[in-house]
Trainee: 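Got a structure here, written out as structure tokens. Questions coming.
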Amino acid sequence: MRFGGFSTRLLNICIASYCRARNIEQAEVILIDGIRLGVLPDVVTYNTLVDAYCKFVDLDAAYLILGRMMEAGISPDVVTYNSLIAGASRRCLLLRTLDLFDEMCVRGIAPDLWSYNTLMHSFFKLGKPEEANRVFQDIWSKDWLPCSDTYNIMINGLCKNGYSENALRLFRTLQRRGFTPEVVTYNVLINGLCKAERLGAARKILQELWLSGCQPNAYSYTTFMKCCFKSRKFNRGLEIFSEMKGKGYTFDSFAYCTVIAAFVKIGRMEEACDFMGQMMDTGHSFDIVSYNTLINLYCRQGKMEAAFQLLDEMEKEGWGCDVYTHTILINGLCKSGNIEGALSHLQYMRAMGFGSDLVAFNCVIDGLCKAGFLDHAITMFETSELKDAYTYTSLVHNLCKARRFRNASKLLLSCLRNGFKIPRSTQRAVLDGLRESGFSSEARKLQTKIYMARLLHSI
DNA sequence: CTAGGGTTAG
């Protein structure tokens, strides 16, 4: 039926556009209206919904669609399962991911290259690079030719798992074998190198991107801008920002959030506020990251009331708090001197199922120290399973400030023994403090142990 | 309809 086929395509376009706008309710309304008018949904219609439910609602809701589509006499296909697998992977549900993979095979749906790509991505995301690599080998043993997506996921995954050197090597190998990297590949690698603090290497790849004749896209710009801010080249970052604007790139909140967060971080609040105004003027609706960025801006200005007001607005818009939101609020409460508020918010956060957030914990530890409750902080530290270099640094730093150098020294040692990297300035503060307060032999011993730890852990 | 960029702590 020619006309019917055309209508179904229109229906799908319509549903996809509502789904993209996260308006699944409206998408469902359109589906029902369509059916009433005799426009029959097809596998693409249901796949779009499955994908949207995976992304914006939850897996069970997506799984219900699977039931509905089979009731309608439409069999799920490989795309349906790829979406479900991606959904499980996004939520870090490894068993669910693998079960779905099996279920697909049992139903006689052969996994395609994308299924394997998604599986590989999933393993990387869960911090299992060896398993991901096995999937990569699997792909090679099939008849398929791995496509650029496969390489992109591989390069991205290697970088995110701390193997940026291997990622770079893979990139070079591919080039030698005649593979022409596309913009995405460059972007992934630049971002990975940037996150691994290998700014020089990132800049080099960026140069190559310019020379390759590829047009950098909005991703490239935002990635590079972030790279500039990270290496404290603020003016260069801002130049990139205006160049991006000047060239008429579609302006979403990504670039604005990058700029605002960078200025907040270095305390240039007027500029941050200025960019916030610009971002609001674009008239785009905010997503969770935009809200988080702005809430952080208010928090760091000490405007806690405004921050909580924005939080209300965010929740009214249907966004739930994430780990970042909670952490930003806890940090804000600490910095504005409301340490009780911070402590109770940490408890609230954990009660909400955000179990092990180290960053929020570190904020509270630092807040307690700064508010003069050093011993309370130490007790919390000692009874906690989670701790990292930041936790140690806060405590050591504040113990020095309280002139409790021998205490600080002990903690510094256990930090080094655990292989955590602690700033040299903090180490120096302990050594100087010990010497100045007459513990020079202890200082010498500590110095030796620091050298040993540096050798042992290469820190 | 299925990968890549932005938000938190010294």
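Reminder, nothing fancy here: chain letters follow the sequence lines and each chain counts from 1. Every heavy atom of this structure was used, including side-chain atoms; hydrogens, water molecules and symmetry mates were not.
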Trainee: To the nearest 0.5 Å, what is the distance between CZ on A:R268 and CG on A:D274?
Mentor: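 Interatomic distance, A:R268 CZ to A:D274 CG, rounded to 0.5 Å: 11.5 Å.
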Trainee: Scan A:K55 against the nucleic acid and name what it touches under 4.0 Å (heavy atoms): base, sugar-phosphate only, or nothing.
Mentor: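 Sugar-phosphate: the residue A:K55, judged by heavy atoms under 4.0 Å, touches backbone atoms but no base.
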Trainee: What nucleic acid atoms does A:T258 come within less than 4.0 Å of, heavy atoms only: base, sugar-phosphate, or nothing?
Mentor: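 Sugar-phosphate: the residue A:T258, judged by heavy atoms under 4.0 Å, touches backbone atoms but no base.
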Trainee: For A:S83, check side chain to side chain donor-acceptor pair (under 3.5 Å) against everything at least two apart and list the hits.
Mentor: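 A:S83: side chain to side chain donor-acceptor pair (under 3.5 Å) contacts with A:D51.
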Trainee: Which is true for A:S253 with a 4.0 Å heavy-atom rule: it touches a base, it touches only sugar-phosphate, or it touches nothing?
Mentor: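 Contact class for A:S253: base.
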Trainee: Could you tell me from which nucleotide to which nucleotide of DNA chain B, 5' to 3', there is an atom under 4.0 Å from chain A heavy atoms?
Mentor: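 First-to-last contact on DNA chain B, by the 4.0 Å heavy-atom rule, is B:dC1 to B:dG10.
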Trainee: Counting only heavy atoms not in A:K303, do more than 12 fall under 6.0 Å of its NZ?
Mentor: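 Count not over threshold, so no.
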Trainee: Classify A:N191 by what it touches in the nucleic acid, base, sugar-phosphate, or nothing, heavy-atom distance under 4.0 Å.
Mentor: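 It contacts sugar-phosphate atoms only.
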Trainee: Base, sugar-phosphate, or nothing for A:V359, non-hydrogen atoms under 4.0 angstrom?
Mentor: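 Answer is base: heavy atoms of A:V359 come under 4.0 Å of a base.
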Trainee: Classify the nucleic acid contact of A:H121 as base, sugar-phosphate or nothing, counting any heavy atom under 4.0 Å across all strands shown.
Mentor: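 A:H121: backbone/sugar contact only, no base atoms under 4.0 Å.
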Trainee: Once you apply a heavy-atom cut-off of 4.0 Å, does A:A218 come out as touching a base, just sugar-phosphate, or nothing?
Mentor: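 Since a base atom lies under 4.0 Å of A:A218, the category is base.
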Trainee: Centroid-to-centroid, A:W144 to A:Y116, below 6.0 Å?
Mentor: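 Yes, the ring centres sit under 6.0 Å apart.
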Trainee: If you look at every strand shown and take non-hydrogen atoms under 4.0 Å, does A:N296 touch a base, only sugar-phosphate, or nothing?
Mentor: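 Counting heavy atoms under 4.0 Å across all strands, the contact made by A:N296 is with sugar-phosphate only.
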Trainee: Students often get this wrong, so: under 4.0 angstrom with heavy atoms, is A:N12 touching a base, only sugar-phosphate, or nothing?
Mentor: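 No contact.
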Trainee: So what does A:S290 hit on the nucleic acid, given a heavy-atom distance under 4.0 Å: a base, only sugar-phosphate, or nothing?
Mentor: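 Answer is base: heavy atoms of A:S290 come under 4.0 Å of a base.
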Trainee: Rounded to the nearest 0.5 Å, what's the gap from OH on A:Y324 to CG on A:D357? Could you check?
Mentor: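 So the OH of A:Y324 and the CG of A:D357 are separated by 9.5 Å.
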Trainee: What contact category does A:N117 fall into here, base, sugar-phosphate, or nothing, at under 4.0 angstrom with non-hydrogen atoms?
Mentor: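 Touches nothing.
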Trainee: Can you classify the ring geometry of A:F308 versus A:H345 as parallel (below 30°), tilted (30 to 60°) or perpendicular (above 60°)?
Mentor: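 A:F308 vs A:H345 ring planes: tilted.
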Trainee: Base, sugar-phosphate, or nothing for A:K370, non-hydrogen atoms under 4.0 angstrom?
Mentor: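 Counting heavy atoms under 4.0 Å across all strands, no contact is made by A:K370.
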Trainee: Taking atom CZ of A:R232 as the centre, does the number of heavy atoms from other residues, nucleotides or ligands within less than 6.0 Å exceed 12?
Mentor: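 Counting other residues, nucleotides and ligands, CZ of A:R232 stays at 12 neighbours or fewer.
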Trainee: Quick one: label A:N156 by what it contacts on the DNA or RNA (base, sugar-phosphate, nothing), any heavy atom closer than 4.0 Å.
Mentor: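 Answer is sugar-phosphate: A:N156 comes under 4.0 Å of backbone atoms only.
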